[in-house]
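Take a look at the structure set out below.
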Amino acid sequence: MVTIRLHNSATRKKEEFIPLDPSIVRMYVCGPTVYDRAHIGNARPVIVFDVLYRLLCHVYGAEHVTYVRNFTDVDDKINAEALRRQAAGAPGTLEDLIRERTEETIRWYHEDMDALGALRPNVEPRATEFIGAMIAMIEGLIASGHAYAKDGHVLFRVRSYQNYGALSGRSVDDMIAGARVEVAPFKEDPMDFVLWKPSDDSLPGWDSPWGRGRPGWHIECSAMSYELLGESFDIHGGGIDLQFPHHENEIAQSACAHPHGKFARYWLHNEMLQVEGKKMSKSLGNFFTVRDLLDQGWPGEVIRFVYLQTHYSKPMDWTEEKAKAAKATLFKWWGEVRSIDVADGTVSAAVTEALADDINTAGAIAALHALAKQGRWADLKASAQLLGLLDERMGGWALPAITGVAAGTLEFSGEATAAVRDTPASILGSRLAEFRARKDWSSADALKAAIIDSGAQVHISKTDVQIIPGPDFDPAKLEALL
RNA sequence: GGCGGGUUGGCGGAGAGGUUACGCAGCGGAUUGCAAAUCCGUGAAGACCGGUUCGAUUCCGGUACCCGCCUCCA
């Protein structure tokens, strides 16, 4: 069996991955707050942990892996959006509007992440479905002295958990010294964080022992991972920005609520994404959603490839230049593997080993290049699919450009069949061949340049002329030359 | 201010204490009327300053710069 090694944020070391129970490998990843379209930064953990999920399935068997990723559908940003819609005259109760908004956003999220080739997790729990579990956990924390109720709030007593700060390498005292936060009057200690907060009539709320209210942000992941994966599970993933305070608080809650459990054993954090070398932000005008990129014509597979070129532990820069290069590479590979049956190939050990070495996707891609260089197309296809690439379900973008020009072969010197003789490519190819035969070089060059301008490649050999669409082929431009 | 991460050739981007990463671009050659196609080959690196070592881009320390978190944020 392949040995998987993962960099564990909790120990700051690369460790051999040994599941608690190899018959059920369990992974939890923090999912989105569903208030708006996912931006391209949100896509990074999705893609990173999708590759890890695929690797785990490959190694342990898909039926032996449980991957949970939550939807946070209780949040003030969601409430704010619903209130905005209500104020704008949208019909229905606030609850209806919230439900509408979260349903819509989840649908978008699925569409967009599907387009990036991310497999759906086995379970996608919604926070609102686990309110009871959260309340039960909070009650337990109060009973054991790790939490206290005050003014309709329930707070976690950070000082009651000795290891607080271990994950993110902080000490409570240092944080207080450097804190820039105003301390709420209901807190015993400035670092205490909210488990439950009161809701007024204008906000969604649930009945609880502390009055009508709603959960704090961190408790949902502790409650849902416990309900779905148990008090000890294998991998917990998310963006590095969640390391503190979110994951730190999750650990504190879970460790105190289930003192016999280990909670998550391997913590993985992906680094952030930048755009053209700068932090993505609305004010810089470099803020994109995944949908924006898809609508701009970037195939999901190309976006995915760009992400996989950078190791998850390093900051990744989204640039158009990278996307262009990725598109060209994939297009080239598609041209070779399109008609190949993936069942004829085997996943290259070099690819598996790269992925098993802390999800080294860039290394895996290098191994794919090696397969391509050796012309091992079936192996390339099989190996690439472990990365979620060169899969027919994503490859549509590379196909229409070819089939849109000619349904069959694009070669036409010698004996073109009637079926291909009349395609734009064959007509133009024949014309070019004629110019060449006549040694009318200026006409030939002009035609060739025009064909190339349409995004096609012109292959001239001794025996024939071929016009082959390239990654940016525009059929309309080619047809305009007729 | 506190904590964490990064800095590799023209660009992107890995691994490994000592032997070619890889891709794109470039350059040279083959082929070609020509080449943007195809094939073959090839130069080029590791922020800066110290230390450890027979030997460091790879380990350790410091400096500079960049990024993130500490406040909703993947």
So for A:Arg436 and B:G33, does any side-chain atom that can act as donor or acceptor lie under 3.5 Å from a complementary atom in the base? yes

Mark yes or no for a side-chain to base donor-acceptor pair under 3.5 Å between A:Asp357 and B:G15, with no hydrogen or angle criteria applied. no

Does A:Thr11 have any side chain to side chain donor-acceptor pair (under 3.5 Å) partners at least two apart in sequence or in another chain, and if so, which? A:Glu15

Non-neighbouring partners of A:Arg304 that pass side chain to side chain donor-acceptor pair (under 3.5 Å), sequence neighbours left out: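 Result, side chain to side chain donor-acceptor pair (under 3.5 Å) vs A:Arg304: A:Asp50.
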
Between [Y] and [X], is there a side-chain donor-acceptor contact under 3.5 Å, judged purely by atom types and distance?
{"X": "A:Asp292", "Y": "A:Thr289", "answer": "yes"}
{"X": "A:Thr128", "Y": "A:Asp73", "answer": "yes"}
{"X": "A:Thr102", "Y": "A:Arg126", "answer": "yes"}

Is A:Arg85 salt-bridged to A:Glu81, cutoff N-O under 4.0 Å? yes

What's the closest nucleotide to the A:Lys314 side chain, out of B:A74, B:C70, B:A14? B:A14

From B:G15, B:C70, B:C34, pick the nucleotide closest to the side chain of A:Asn360?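 The listed nucleotide nearest to A:Asn360's side chain is B:G15.
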
Determine the sole option in A:Leu293, A:Asn42, A:Val290 for which the side chain to side chain contact (heavy atoms under 4.5 Å, CB included) test with A:Asp112 is passed.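 Running side chain to side chain contact (heavy atoms under 4.5 Å, CB included) over A:Leu293, A:Asn42, A:Val290 with A:Asp112 returns exactly one hit, A:Val290.
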
Which dot-bracket notation, 5' to 3', represents the base pairing of RNA chain B when pairs are defined as Watson-Crick or G-U with both distances under 3.5 Å, crossing pairs as [ ], and inter-strand pairs as |? (((((((..(((.....[...))).(((((.......)))))....(((((..]....))))))))))))....

Please enumerate all protein N or O atoms sitting under 3.5 Å from an N or O of nucleotides 19-30 of chain B, with distances to 0.1 Å.
none

Are A:Phe263 and A:His247 an aromatic pair by the rule of ring centers under 6.0 Å? no

Base, sugar-phosphate alone, or nothing: which one does A:Thr319 contact when heavy atoms must sit under 4.0 Å apart? nothing

Once you round it to whole Å, what is the distance between C1' of B:A35 and CG of A:Leu432?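 Value for this atom pair: 12 Å.
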
Which residue pairs pass the salt bridge (Lys or Arg N to Asp or Glu O under 4.0 Å) test with at least one member in residues 310-320 of chain A, sequence neighbours excluded? none

So which protein N/O to nucleotides 58-68 of chain B N/O distances come out below 3.5 Å?
none

Within the side chain of A:Asn8, is there an N or O that forms a donor-acceptor pair under 3.5 Å with the backbone of A:Arg265? yes

